[in-house]
There are 2 protein chains.
Amino acid sequence: MKSVVPITAVEIKTACSQCNLRELCLPFGLDPREVNQLDELVGSRRKIKRQQHLYRSGDPFEAIYAIRAGSFKTDVILEDGRDQVTGFQMTGEVLGLDGISGEQHSCNAIALEDSEVCVIPFSRLEELSRQVESLQHQFHKIMSREIVRDHGVMMLLGSMRAEERLAAFLLNMSQRFTARGFSPSEFHLRMTRDEIGSYLGLKLETVSRAFSRFQDEGLVAVQQKHIRILDTPGLKRILSHHAA
Amino acid sequence: MKSVVPITAVEIKTACSQCNLRELCLPFGLDPREVNQLDELVGSRRKIKRQQHLYRSGDPFEAIYAIRAGSFKTDVILEDGRDQVTGFQMTGEVLGLDGISGEQHSCNAIALEDSEVCVIPFSRLEELSRQVESLQHQFHKIMSREIVRDHGVMMLLGSMRAEERLAAFLLNMSQRFTARGFSPSEFHLRMTRDEIGSYLGLKLETVSRAFSRFQDEGLVAVQQKHIRILDTPGLKRILSHHAA
DNA sequence: GGAGCCCTTTGATCCACATCAATACGATTT
DNA sequence: AAATCGTATTGATGTGGATCAAAGGGCTCC
């Protein structure tokens with residue numbers, strides 16, 4: 001039985017059961033009672049300032065994180081200094097799954113803007129997901145989705161040309177903003193050209209030139225980080241217009 | 001002398017509890033009683049001939065597969081015909097995790113040689129892993145390992161040059177053969193130059209040339225698909241020898 | 001509100017890998 | 001043992017994106 005103990009307003013507002021991201025996040029598919037159980041599990045929240053690390057490669061793995069506000073990038077860094085951005089994460093998405101396998105994180109997670117995450121202690125998540133079938137299943141889906149996403153990135157990096165990569169990136173961003181209730185056609189990128197380039201396996205100059213060419217062709221209006229997509233079918237055409 | 005209980009020799013030989021791959025596979029970390037429970041779950045086995053599909057993109061997702069013998073590649077194919085090999089899998093490794101998220105497979109799994117897999121019905125795996133903590137945890141580790149592996153491939157595709165990619169590939173293969181009790185320095189590749197190239201984001205000619213250059217430099221002895229690694233530190237040096 | 005700095009854009013040149021092409025090799029079939 | 005076919009090697013040439021370089025914008029932080 002749960003207590004009658006007074007709960008502060010802040011706690012109520014930040015619980016999964018009250019969170020408007022729950023359709024995108026771990027609670028998806030749970031019934032109200034189950035979401036309440038999840039509420040108890042999500043112990044604390046953490047604010048991360050822009051450019052700060054949520055975790056670093058090598059940090060002991062204890063929790064996964066659900067993004068409540070803001071956005072992140074993850075990257076891997078080689079000894080020789082080369083780095084590769086492995087993903088950009090938005091609200092409702094889960095960070096830290098890389099850490100499960102080796103009991104320590106294997107990449108860095110860095111806030112692209114001032115952000116806030118829900119801390120989900122992993123051993124407790126495993127415990128609860130042994131009891132709550134729908135939670136277990138949703139968690140497995142989230143991990144699997146990450147694998148599928150990664151395969152898409154491999155396809156992009158392994159067999160697309162620069163403009164195709166950028167078109168795919170923009171369409172993906174658009175789709176994710178849409179899922180969060182924002183405009184599909186107008187958004188603000190939180191990452192730099194250099195970070196986009198790293199993610200897409202291109203140099204920042206190449207990214208910039210591709211943006212300019214898209215602009216010249218009337219596909220998008222680019223003003224620094226502010227993007228307006230003017231011709232979604234046109235962007236899709238770039239993706240499929242490949243002479244195999 | 002065989003058991004008094006009438007169990008066929010085939011069944012005994014193919015159960016997890018008797019399988020010499022169990023340290024590499026799903027049973028890792030389970031105690032004997034728990035492995036027996038897993039035995040019951042792994043209902044059937046399936047033989048797949050060389051070049052045949054274990055599953056195709058779009059197939060309904062019902063099970064994951066543990067490789068008992070042989071090897072596979074997975075690939076994704078775009079509408080325009082371009083394809084990308086997303087991985088090569090060896091004995092003890094698990095296939096099909098991509099299917100969980102969308103309830104259907106999102107890539108193709110094709111046998112590189114005559115192979116055999118254990119069929120693990122997914123809903124029963126979820127059920128059992130709700131009861132067996134160590135199984136749950138091992139399964140999560142396997143999924144996470146796949147994510148980490150994918151990040152490594154992204155690094156490779158996004159920021160390495162051709163020879164670095166091939167060196168990384170060879171070292172990875174060597175390490176995986178070693179883990180299976182084979183020679184670290186001498187092995188037989190089951191995939192073609194074209195498949196290696198697709199995986200590494202290179203054309204087959206580039207792969208072939210890189211092999212030749214490694215041979216000229218005395219790093220490996222290449223005879224078609226038979227590889228002998230002569231200078232492992234040398235290969236590692238190629239990987240780190242990058243002027244950042 | 002101004003100084004400084006980071007980020008972005010654009011141009012000129014270079015180079016690693018792709019592409020095109022021909023030959024050689026090896027396994028399988030007959 | 002010859003014929004066939006998929007696979008691999010090697011050479012010549014082309015090109016997309018990297019690199020080098022410079023200038024222009026727009027934040028951020030005093």
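Letters A, B, ... mirror the listed sequences (proteins, then strands); counts begin at 1. Just so we're clear, the structure is a prediction, and the values are computed from it rather than from any experiment.
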Student: Name all residues meeting the side chain to side chain contact (heavy atoms under 4.5 Å, CB included) criterion together with B:L171; count only those two or more places apart in sequence or in a different chain, and write none if there are none.
Tutor: B:T232, B:L235, B:K236, B:L239
Student: For nucleotides 21-26 of chain D, just jot down a letter per nucleotide in 5' to 3' order: B, S or -, based on protein non-hydrogen atoms under 4.0 Å.
Tutor: -----S
Student: So, taking the atom named CZ in B:R149 and the one named NE2 in B:H151, what distance separates them when rounded to the nearest 0.5 Å?
Tutor: 11.0 Å
Student: Check the distance between D:dT7's C1' and B:H188's NE2 and give it to me in whole angstrom.
Tutor: 12 Å
Student: By the salt bridge (charged side-chain N to carboxylate O under 4.0 Å, His left out) test, which pairs, at least two apart or in different chains, include something from residues 173-193 of chain B?
Tutor: B:E93-B:R176, B:E93-B:R180, B:E113-B:R190
Student: With axes from five pairs an end, tell me the bend angle of the helix from C:dG1-D:dC30 to C:dT30-D:dA1, nearest 10°.
Tutor: 60°
Student: Identify, with sequence neighbours excluded, every residue that meets salt bridge (Lys or Arg N to Asp or Glu O under 4.0 Å) alongside B:D114.
Tutor: B:K49
Student: Near DNA chain C, under 4.0 Å by heavy atom, which residues of residues 167-174 of chain A?
Tutor: none
Student: List the residues meeting salt bridge (Lys or Arg N to Asp or Glu O under 4.0 Å) with A:R50, not counting sequence neighbours, and say none if there are none.
Tutor: none
Student: List, with names and distances, any nitrogen or oxygen atoms from the protein found under 3.5 Å away from nitrogen or oxygen atoms belonging to nucleotides 28-30 of chain C.
Tutor:
none

Student: Run the side-chain donor-acceptor check on residues 200-212 of chain A: report pairs under 3.5 Å with partners two or more places apart or on a different chain.
Tutor:
residue: A:S212; atom: OG; partner: A:S208; partner atom: O; Å: 3.1

Student: Take atom CZ of A:F211 and atom C1' of C:dT8, then tell me their distance rounded to the nearest Å.
Tutor: 11 Å
Student: Output all residues satisfying side chain to side chain contact (heavy atoms under 4.5 Å, CB included) with A:N108, sequence neighbours left out; order by chain, then residue number.
Tutor: A:H53, A:R56, A:S57, A:D75, A:I77, A:I110
Student: Go through the structure and list residues passing side chain to side chain contact (heavy atoms under 4.5 Å, CB included) with A:T74, not counting sequence neighbours.
Tutor: A:Y55, A:T86, A:Q89, A:L95, A:C107, A:A109
Student: Quick check: closest heavy atoms across A:E195 and A:V85, and the distance to 0.1 Å?
Tutor: O-CG2, 4.0 Å
Student: Pairs under 3.5 angstrom, nitrogen or oxygen only, protein versus nucleotides 14-17 of chain C, please.
Tutor:
residue: C:dC17; atom: OP1; partner: B:A162; partner atom: N; Å: 2.7

Student: When the distance from CG of B:D194 to C1' of C:dT19 is rounded to whole Å, what number comes out?
Tutor: 14 Å
Student: Just the rounded figure in Å: distance from C1' of D:dT7 to CD1 of B:I227.
Tutor: 14 Å
Student: Would you mind reading off the distance between B:L189 atom CG and D:dT7 atom P, rounded to a whole angstrom?
Tutor: 14 Å
